[in-house]
Amino acid sequence: MRSDVGSRRTLLRSELEAARDEFLAMAASISDRAWTEPSRNPGWTNGQLLFHVLLGFILVIPLANTLVFFGHLPAPCSRIFAGILNFSTPLFNRVNAAGPRAGARLLGRAGIIRQFDRVHEAILTRLERVRPRDWTLAMHYPTRWDPRFQTPMHLEELFRFPVTHL
């Protein structure tokens, strides 16, 4: 089991490092003019879309802590919690739309990159702190928030979420 945990960490760390490289390359590839131009995702500029990707990484640590908490409770607890969050999807969608608009404007490219680097390092630190017994924990997630959320979801899948979101 211990070597399995080590190989999981190594693989996830590698995937997260590759995602960091991809994120930074994406940020560097956007010209100053293109930063405020519409992206291929309707309704968002390229800068706003980059901030949205950052949000996927920001969510990992609070969601990992929530998973560990609910993972120690009976499964119906996280199922009820996920149901409440699914019910709040319209509010989540508004925040998910408005956040990148404000974030891209307030932080700009350099701020988004700095924030990404901080969050990325925090994710790697959190990954190293996962106890071997916590890899088996799972919780239900609000599947209406993002199609990548599964029910139930384990820590390994959660750490992989921002990589696939990118």
Enumerate, atom names and distances included, each donor-acceptor pair closer than 3.5 Å involving a side-chain atom of residues 50-71, sequence neighbours excluded.
residue	atom	partner	partner atom	Å
His52	ND1	Asn96	OD1	3.2
His52	NE2	His165	NE2	3.1
Asn65	OD1	Arg126	NE	3.0
Asn65	OD1	Arg126	NH2	3.3
Asn65	ND2	Ile61	O	3.4
Thr66	OG1	Pro62	O	2.8

I need the His120 NE2 to Leu24 CG distance, nearest 0.5 Å.
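CG of Leu24 is found 8.5 Å from NE2 of His120.
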
Does [Y] offer a backbone N or O that forms a donor-acceptor pair with the side chain of [X] under 3.5 Å?
X: Thr45; Y: Gln48; value: yes
X: Asn41; Y: Leu49; value: no
X: Ser14; Y: Thr10; value: no

Going by the rule salt bridge (Lys or Arg N to Asp or Glu O under 4.0 Å), which residues pair with [X] if we only count those two or more places apart in sequence or in a different chain?
X: Arg94; answer: none
X: Asp32; answer: Arg109
X: Arg20; answer: Asp117
X: Glu15; answer: Arg160

Under the ring-ring contact (aromatic ring centres under 6.0 Å, His included) definition, can you give me all pairs with a residue in residues 12-32, not counting sequence neighbours?
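For residues 12-32, and leaving out neighbouring residues, the ring-ring contact (aromatic ring centres under 6.0 Å, His included) pairs sorted by first residue read Phe23-Phe116.
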
Applying side-chain contact (heavy atoms from CB on, under 4.5 Å), can you list everything that pairs with [X], at least two apart in sequence or on another chain?
X: Arg13; result: Glu17, Leu124, Leu127, Glu128
X: Glu37; result: Arg33, Ala34, Asn46
X: Pro152; result: Ala138, His140

Please identify each residue that fulfils side chain to side chain donor-acceptor pair (under 3.5 Å) with Gln115, with sequence neighbours left out.
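Once residues adjacent in sequence are excluded, the partners of Gln115 under the side chain to side chain donor-acceptor pair (under 3.5 Å) criterion are Arg118.
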
May I ask you to decide if the ring planes of Trp145 and Phe92 are parallel, tilted or perpendicular, using 30° and 60° as cut-offs?
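Parallel: the ring planes of Trp145 and Phe92 meet at under 30°.
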
Check which hydrophobic residues are tied to Phe87 through side-chain heavy-atom contacts below 4.5 Å, counting indirect links as well, and list them.
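Traced through the cluster, Phe87 reaches no other member.
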
In the hydrophobic clustering that connects Ile, Leu, Val, Met, Phe, Trp and Tyr at side-chain heavy-atom distances below 4.5 Å, which members other than Leu11 occupy its cluster, ordered by chain and number?
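Via sub-4.5 Å side-chain contacts, Leu11 links to none.
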
Is there a side-chain contact between Thr151 and Tyr141, using heavy atoms and a 4.5 Å cut-off?
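A side-chain contact under 4.5 Å is absent here.
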
If you count every heavy atom of other residues, nucleotides or ligands that lies below 6.0 Å from Arg79 atom CZ, does the total exceed 12?
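Enclosed.
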
